[in-house]
Undergrad: 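Sending over a structure as structure tokens; questions will come in a sec.
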Number of protein chains: 2
Amino acid sequence: MSWPMAQVCRMSGVTSRTLRHYHRIGLLEPEWTGPGGVRHYGHEQLLRLQRILLMRELDMGLADIARVLDEHRSQAEALREHLRALLAERDRIDTLAATVRRTVDALEEGDAMEAADRPEELFAGFDTSFYTEHARTEWPNEWGRAVRATEGLTEEGWARGRAEVAAQMGRMAVHMAAGTPAGDPVVQSEVHAHYLTVNRTWTPDADAFADLGRVYAEEGPWREVYDRVAPGLADYQSEAMRVYARERLGWRGQA
Amino acid sequence: MSWPMAQVCRMSGVTSRTLRHYHRIGLLEPEWTGPGGVRHYGHEQLLRLQRILLMRELDMGLADIARVLDEHRSQAEALREHLRALLAERDRIDTLAATVRRTVDALEEGDAMEAADRPEELFAGFDTSFYTEHARTEWPNEWGRAVRATEGLTEEGWARGRAEVAAQMGRMAVHMAAGTPAGDPVVQSEVHAHYLTVNRTWTPDADAFADLGRVYAEEGPWREVYDRVAPGLADYQSEAMRVYARERLGWRGQA
DNA sequence: GTTAGGGGTTGACGTTACGTCAACCGCAAC
DNA sequence: GTTGCGGTTGACGTAACGTCAACCCCTAAC
């Protein structure tokens with residue numbers, strides 16, 4: 001006794017598409033095929049389908065199911081392994097959810113990403129002259145080039161620059177809130193973006209870039225601005241820049 | 001200033017394949033394309049890539065990311081929604097893991113699925129005559145046909161039949177351990193398989209099939225066998241058969 | 001001159017478990 | 001004759017790329 005596909009579908013609750021799929025991948029072959037390619041399933045096939053549905057209900061992959069059915073792999077063993085995979089996946093999602101939650105919190109606090117929308121406010125009272133002396137004596141060449149590069153800048157150009165840096169700070173704050181290590185590729189690529197931004201006015205070498213990071217973190221206007229975006233951001237940014245200087249610019253220092 | 005694809009890859013840590021993918025789906029288009037189709041990315045594109053990577057890190061889908069970037073959808077709002085989806089997925093996996101664990105436990109107890117491997121042992125001492133009187137008086141026609149159908153059965157045929165029923169019991173025990181409701185399609189399709197098995201010797205109508213389920217659950221050899229496979233299985237099987245009789249055979253009774 | 005090598009690029013196919021859809025086919029009613 | 005219905009089939013799409021064969025350009029070596 002055997003039944004055509006449509007009847008098997010009604011009997012078992014699966015769609016015809018599913019049965020055709022199982023046929024194609026060799027998981028469940030019909031007993032025989034009638035004229036016009038009509039598939040017919042026998043008793044044996046129905047029982048096999050039952051076993052398939054049982055394991056599929058537990059979210060096992062079809063490949064694993066096939067292994068259990070055809071290679072006489074222990075079902076209990078397969079399920080134990082499947083359980084391990086499930087728990088690992090749950091933990092991964094759990095961690096991810098916590099990260100996202102922290103990120104949302106950081107966004108909602110309104111200090112991180114919204115800062116990117118109000119760069120003027122963020123940089124209000126920023127005193128550039130604070131660093132002038134340090135830069136002029138420590139990196140005279142770079143200082144000179146920076147001055148020349150910014151000489152021709154319009155006010156709109158300055159504003160765009162501030163907005164860009166503010167946006168970078170916002171993204172960096174999200175990375176920090178997410179708990180991403182400062183050495184993570186995605187953070188490093190963010191630092192690289194910052195490096196490119198800086199490059200538009202001057203070209204720091206490894207030493208100078210690492211020093212710039214240090215300056216961000218020490219007491220002063222920069223630290224204030226960074227920490228206004230998110231507490232601790234100055235240190236995080238500084239650390240990320242130190243890693244970048246070491247790994248991408250060949251910096252050898254430690255300070 | 002702009003950079004060719006390979007350099008952007010090294011800068012940002014993504015593969016060239018990824019960038020080509022983003023190009024194809026319109027998520028990130030190069031600033032201009034050189035001879036030979038070489039893609040070049042400018043400053044603006046790099047910043048956009050940063051934003052993409054930031055959200056991708058949190059497992060957001062590319063479509064959602066595109067919505068945030070292009071349709072000015074609030075990032076916080078998108079992330080909150082994403083968080084809800086993550087939590088739901090975690091709960092789903094959690095429930096599933098608990099189900100799989102129960103299933104594994106049921107399998108390990110050795111009484112469920114292994115019963116399918118020792119049908120003779122399972123049915124040891126099974127006394128068919130127990131039900132002879134009931135069946136003969138209550139369902140005389142069916143009884144007669146069953147007798148005729150089993151007359152020509154070899155011992156091997158009987159053994160195969162027992163093995164099949166034992167295997168069905170094992171699967172049903174797993175469904176029960178998994179906490180699947182008796183009315184669930186997958187369980188009902190298992191009952192249907194049982195129905196087909198029974199049909200090989202006689203053809204119960206709705207009443208008879210429901211009654212058969214009742215018989216499985218009442219005190220006697222059948223209940224003993226079922227509960228030997230897994231405690232509570234007799235009632236579960238009986239309930240599933242009652243649902244089947246109602247929904248698939250048009251049974252109107254309640255008892 | 002040419003040839004091998006290296007670095008870069010492209011399109012095409014594979015991945016999971018099917019859903020969705022246009023096309024076709026046989027059979028019954030009008 | 002045709003119109004509809006129930007059934008079937010193959011083909012394409014899904015998410016986010018990995019992997020791979022093929023091809024192109026430039027350079028150094030023979």
Side-chain angles (χ1 to χ4, degrees), chain A residues 2-41 49 51-69 78 82 85-86 89 92-93 96 185-186, chain B residues 2-41 49 51-69 78 82 85-86 89 92-93 96 185-186:
Chain A
S2 66
W3 304 264
M5 204 169 96
Q7 197 161 344
V8 174
C9 293
R10 278 190 298 269
M11 278 162 25
S12 61
V14 304
T15 70
S16 69
R17 185 64 187 84
T18 299
L19 288 181
R20 275 191 305 123
H21 181 60
Y22 291 173
H23 185 188
R24 156 135 338 192
I25 66 174
L27 182 58
L28 178 68
E29 319 223 340
E31 191 175 31
W32 57 281
T33 306
V38 179
R39 297 170 171 82
H40 290 260
Y41 296 85
L49 179 56
R51 300 198 62 188
I52 293 172
L53 294 181
L54 174 66
M55 291 185 266
R56 196 188 64 164
E57 212 193 341
L58 303 175
D59 242 29
M60 269 180 68
L62 297 188
D64 289 339
I65 294 178
R67 263 191 289 281
V68 170
L69 291 179
H82 181 51
L86 281 178
E89 176 68 4
R92 191 186 73 85
I93 293 184
L96 206 54
V186 71
Chain B
S2 68
W3 304 264
M5 202 170 98
Q7 197 162 341
V8 173
C9 293
R10 276 190 299 270
M11 279 162 28
S12 62
V14 305
T15 70
S16 68
R17 184 64 186 83
T18 300
L19 288 181
R20 275 192 304 124
H21 181 59
Y22 290 173
H23 185 188
R24 154 137 336 194
I25 65 174
L27 181 59
L28 178 67
E29 319 222 341
E31 191 175 31
W32 57 281
T33 305
V38 179
R39 297 169 172 83
H40 290 259
Y41 296 84
L49 178 57
R51 298 198 63 187
I52 293 173
L53 294 181
L54 174 65
M55 290 184 267
R56 196 188 66 166
E57 210 193 341
L58 302 176
D59 243 29
M60 269 180 67
L62 297 188
D64 291 338
I65 293 178
R67 264 190 290 278
V68 170
L69 291 180
H82 181 51
L86 280 178
E89 176 67 3
R92 192 186 72 86
I93 292 184
L96 206 54
V186 70

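Note on naming: letters A, B, ... go to the chains in the order of the sequence lines (proteins, then strands), and numbering restarts at 1 for each one.
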Undergrad: Of B:R17 and B:M5, whose nearest nucleotide on DNA chain C comes first from the 5' end?
TA: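 Between the two, 5'-proximity favours B:M5.
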Undergrad: Using whole Å, what does the distance between atom C1' of nucleotide C:dT15 and atom CD1 of A:I25 come to?
TA: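 Taking CD1 of A:I25 and C1' of C:dT15, I get 13 Å after rounding.
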Undergrad: Between A:R20 and D:dA11, does any side-chain N or O lie under 4.0 Å from OP1 or OP2?
TA: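 No, A:R20 has no side-chain N/O under 4.0 Å of OP1/OP2 on D:dA11.
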Undergrad: Please confirm whether the backbone N or O of A:M55 pairs with a side-chain atom of A:H82, one donor and one acceptor, at under 3.5 Å?
TA: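 Judged by distance alone, no pair lies under 3.5 Å.
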Undergrad: Closest to the B:A6 side chain: D:dA16, C:dT9, D:dG18?
TA: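 Among the listed nucleotides, the one closest to the side chain of B:A6 is C:dT9.
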Undergrad: What's the CG-P distance between B:L27 and D:dA15, to the nearest Å?
TA: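 Distance check: B:L27 CG to D:dA15 P gives 13 Å.
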Undergrad: Rounded to whole Å, please give me the gap between CZ in A:R56 and P in C:dA17.
TA: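 From A:R56 CZ to C:dA17 P: 10 Å.
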Undergrad: May I ask you to say what B:S16 touches in the nucleic acid, namely base, sugar-phosphate or nothing, with a heavy-atom cut-off under 4.0 Å?
TA: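 Here B:S16 touches no strand at all.
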Undergrad: Check the distance between D:dT14's P and B:L62's CG and give it to me in whole angstrom.
TA: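 One finds 13 Å between P of D:dT14 and CG of B:L62, rounded.
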Undergrad: Do the side-chain N or O atoms of A:T18 get closer than 4.0 angstrom to the phosphate oxygens (OP1, OP2) of C:dA17?
TA: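 For C:dA17, OP1/OP2 do not have a side-chain N/O of A:T18 under 4.0 Å.
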Undergrad: Closer than 4.0 Å, any side-chain N/O of B:R24 to the OP1 or OP2 of D:dC17?
TA: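 No, no such contact exists.
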Undergrad: Is there a side-chain contact between B:R92 and A:I93 in this structure, where contact means two heavy atoms from C-beta onward sitting under 4.5 Å apart?
TA: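 Side-chain contact under 4.5 Å: no.
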Undergrad: Looking at every heavy atom in both B:T15 and B:C9, which two are closest together, and how far apart are they?
TA: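 Heavy atoms only, the tightest pair is C-SG, 3.7 Å.
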Undergrad: Round to a whole Å and report the spacing from CG of A:L19 to C1' of D:dT9.
TA: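 It works out to 14 Å between those atoms.
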Undergrad: Provide, to the nearest angstrom, the distance between the CD atom belonging to B:E57 and the C1' atom belonging to D:dA16.
TA: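 So the CD-C1' distance, B:E57 to D:dA16, works out to 17 Å.
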Undergrad: Calculate the interatomic distance between B:E89 atom CD and D:dA15 atom C1'; express it in whole Å.
TA: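 Checked: the CD to C1' distance equals 14 Å.
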Undergrad: Of the nucleotides D:dT9, D:dC12, D:dG7, which has the atom closest to the A:R39 side chain?
TA: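 Closest nucleotide among those given: D:dT9.
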Undergrad: Are B:V68 and B:M60 side-chain neighbours, meaning at least one heavy-atom pair lies under 4.5 Å?
TA: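 In short, these two side chains touch, coming nearer than 4.5 Å.
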Undergrad: Given the rule in the side chain to side chain contact (heavy atoms under 4.5 Å, CB included) test, do B:Y22 and B:V14 qualify, once you have shown the distances and angles that lead to the verdict?
TA: CA-CA 11 Å; B:Y22 290 173; B:V14 305; 5.8 Å; no
Undergrad: Can you tell me if B:Y22 touches the phosphate of D:dC17, counting only side-chain N or O atoms and a distance under 4.0 Å to OP1 or OP2?
TA: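 True: B:Y22 side-chain N/O within range (under 4.0 Å) of D:dC17 OP1/OP2.
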Undergrad: Mind calculating the distance between NE2 (A:H21) and C1' (D:dA11) to the nearest angstrom?
TA: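 So the two atoms are 15 Å apart, to the nearest Å.
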